[in-house]
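Please read the structure below before turning to the comments.
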There are 2 protein chains.
Amino acid sequence: MNIYDIAKEAGVSISTVSRVLNNHPNVKKQTKENVLSVLKKSNYIPSSVAKSLVNKATKTIGVLASDIRHIHYANIAFTIEQKLSTYGYNVILCNTGNDKSKMKDYLRVLAEKQVDGVIMVGSIFSCDQTAESIQRYHSNTPVVMHNTSLRGDNIYNISSEEAYGIVLAVDYLVQEKGIKDIALVLDYDTPVVYQKHEIYREKLEEYGIPYLKKRVVRTQSGLSGGVAAIEDLTKHGVDFSAVIGCDDITSVGAMQQLEKYGRRVPGDVAVIGFNNTLFSQVSTPAMTVIDNKEEITGIMLSRAMGDVLSGQPISPQTLIYPELILRGTT
Amino acid sequence: MNIYDIAKEAGVSISTVSRVLNNHPNVKKQTKENVLSVLKKSNYIPSSVAKSLVNKATKTIGVLASDIRHIHYANIAFTIEQKLSTYGYNVILCNTGNDKSKMKDYLRVLAEKQVDGVIMVGSIFSCDQTAESIQRYHSNTPVVMHNTSLRGDNIYNISSEEAYGIVLAVDYLVQEKGIKDIALVLDYDTPVVYQKHEIYREKLEEYGIPYLKKRVVRTQSGLSGGVAAIEDLTKHGVDFSAVIGCDDITSVGAMQQLEKYGRRVPGDVAVIGFNNTLFSQVSTPAMTVIDNKEEITGIMLSRAMGDVLSGQPISPQTLIYPELILRGTT
DNA sequence: TTGTAGGCGTTATCAT
DNA sequence: ATGATAACGCCTACAA
């Protein structure tokens, strides 16, 4: 059932049908009603793909994230999808893991599918391969990125100043709690994580606290990653009275392992999470966290996309500042 | 840059280009190589939308879920996306909430976008409005549904026998723990939830335990929903030594509130969660749960879709049986 | 083995 | 106000 069938049924030409379909002016009230009535009884569904071919716009956006099973990405992806849908856009969701070749493949497919824009969520996309793929497949597509340092005249960045979260955490621990031996748990190897590490160092220096390399541990995000981080610190005999995690769930894992070693939270060790997801409210006691403002992030990402797509001016670089939320683990 | 440009550049016709693009036989090795080399240096990207128009297939599947911020749906959606991508399909993700009109709108848009199939995850879609929309917009599209009772010759059901989970839980509590006053927490008002309620009743009867209406409470899924459930039970002076939750996170909320009333878990009250998400491993003690097998569910949903799409025979009805996983809260 | 031409379902331009 | 007709980018008989 297509526009021709409707035209025939209504005894008009396809142009007229198209006109009433798109609410064009210049169509006689009578014929319009006629066509409308035919339309009503014929459950006709216009083909977006045919439209897209002529309009050169698909009204769909590609969204890349490493893994939406991580509640942080699920939250952001949710907000993006909901917000974009109010703009009339749908979302093709792509879970890339941190597999560079998967990122490339998805970006290519999205280009073939002619998405109107691409949003990439997470510092994991801050890499050369991604930059290359954008250049190659999306040089004329708006690309909105989160926590990335990539540049380009079709690339727009919305970044959480995660490093500033470290500032807040260290300031609080040192000034309010008088804690100096602060362990830092990091996960991926991305520019943002590098920055967190650097600022941690600088802050310690600022307070005249010696920087101890072993107090910074690498792990994988997740419950077991948190366990492993505490294992690591303990095994190497590193002193610490506070742990700043890379992640809420990782911090929960850390708490559980600390408990196994008989170290009380917050009595013996203060624990700070990252992101302010549900996990930080589930732990006992509830966890002090660096709130990364997921909802705002999602809103800004989709708004940026919506603005570019509607031809509105938009800043190529926007920052979101995290906040420290005090709860029971510090 | 389209197929014409390539043809001109290579000095052949567009058919030839199309042939090498699609690896058709019957094309001379030499011309093929020639075209290939032109292709290589011209970063040409074939348009899927043009292809879709002629092929009548978009290689994309619509996936509806109420809210992927709920880790349960995120987990299933993730698996679906990953699995379908290996079949060469992309996923348009739609968060409908439990808003019937949103479901309808999304289903219509997906029809316009000519998706090759629709997957709906969650018993919330087991309603007349959805059935009507399927009939109206997707009568010729394969529809794979999860936990739904909808029928139709293009509808395929994959269901978790959630009610069987209740059987496992009640059997265990009564037989192993000698507990008879078992509270049941329910959330949505769907056929599946109704079944859970019914089977709970039947099991009690089987054991000769009186059914007490007040021991079954309705709440919203979530931490505060669990709190509210315990409040509800307490306020009405209902005795209970066990709680079967509708959700892991809701059960965690219940545990937290029980603690406030000084009731120890599992000493005074046994708590059982539902789904076996990360939340059940985060609580202290770790939570006994009815495992709904999210990954298997996701795999079966996408496999069903893949099979239908590739013309393979497939059962219109498939069941997944949950399992009881014993941990520290019982 | 290769090229020509028609069609997929729309929108939009230009006549009428 | 309405109707032909040419795009949009690709595939595929059919012809050569």
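Letters A, B, ... mirror the listed sequences (proteins, then strands); counts begin at 1.
Phosphate proximity of C/dT10 to A/S52: absent, as no side-chain N or O sits under 4.0 Å from OP1 or OP2. Distances shorter than 4.0 Å separate some side-chain N or O of B/S13 from OP1 or OP2 on C/dG3. An OP1 or OP2 oxygen of D/dG3 is reached within less than 4.0 angstrom by no side-chain nitrogen or oxygen of A/S15. Of the side-chain N and O atoms in B/Y44, one or more sit less than 4.0 angstrom from OP1 or OP2 of D/dC10. Between D/dC11 and B/S18, a contact under 4.0 Å exists linking OP1 or OP2 to a side-chain N or O. Contact annotation: A/N26 side-chain N/O to D/dA1 OP1/OP2 distance is under 4.0 Å. An OP1 or OP2 oxygen of D/dG9 is reached within less than 4.0 angstrom by a side-chain nitrogen or oxygen of A/K56.
Atoms CZ and NZ, from B/R19 and B/K32 in turn, are 12.5 Å apart once rounded to the nearest 0.5 Å. With rounding to the nearest 0.5 angstrom, the CG atom of B/D128 is 11.5 Å from the CD atom of B/Q135.
Of the candidates C/dA12, C/dT11, C/dC14, C/dT11 carries the atom nearest the A/N22 side chain, counting heavy atoms from C-beta on. Nearest nucleotide to the A/S47 side chain, out of C/dT11, C/dG9, C/dA12: C/dG9. Comparing C/dC8, C/dG3, C/dT10 by their nearest atom to the side chain of B/T16 picks out C/dG3. Side-chain proximity of A/R19 to C/dT13, C/dT11, C/dG7: nearest is C/dT13. You'll find that the side chain of A/A50 is closest to C/dG9, out of C/dA12, C/dC14, C/dG9. Closest to the side chain of A/I14, from the set C/dT4, D/dG3, C/dT11, is C/dT11. In this structure, of D/dT2, C/dT10, D/dC14, it is D/dT2 that holds the atom nearest to the side chain of A/K28. Relative to the side chain of B/I3, the nucleotides C/dG9, D/dG3, D/dC11 differ in distance, and D/dC11 lies closest.
Protein atom NZ of B/K8 is 15 Å distant from nucleotide atom P of C/dG3, rounded to whole Å. Protein atom NZ of A/K29 is 19 Å distant from nucleotide atom C1' of D/dT2, rounded to whole Å. Between the CD atom of A/E33 and the C1' atom of D/dA1 there is a distance of 15 Å, given to the nearest Å. Note: CG (A/N34) to C1' (D/dT2) measures 13 Å, nearest angstrom. The distance from atom CD of A/E112 to atom C1' of D/dC8 is 17 Å, rounded to the nearest whole Å. We find that CG of A/N2 is positioned 13 Å from P of C/dG7, with the value rounded to whole Å. What separates CG of A/L21 from P of C/dT10 is a distance of 8 Å, to the nearest Å. D/dT2 atom C1' lies 15 Å from atom NZ of A/K32, rounded to whole Å.
The residue B/V12 sits close only to the backbone: its heavy atoms come under 4.0 Å of sugar-phosphate atoms, none of a base. In this structure, B/V54 reaches the bases: a heavy-atom distance under 4.0 Å links it to at least one base atom across the strands shown. The residue B/T31 sits close only to the backbone: its heavy atoms come under 4.0 Å of sugar-phosphate atoms, none of a base.
Applying the 6.0 Å contact sphere to CD of B/Q30 captures no more than 12 heavy atoms from other residues, nucleotides or ligands.
Taking both residues in full, the closest heavy atoms of B/T148 and B/F125 are given as OG1-C, 4.0 Å, listed atom of the first, atom of the second, then distance.
Using a 4.5 Å heavy-atom threshold, the side chains of B/K59 and B/S48 count as separate. A 4.5 Å side-chain heavy-atom check between B/E9 and B/S42 finds every atom pair outside the cut-off.
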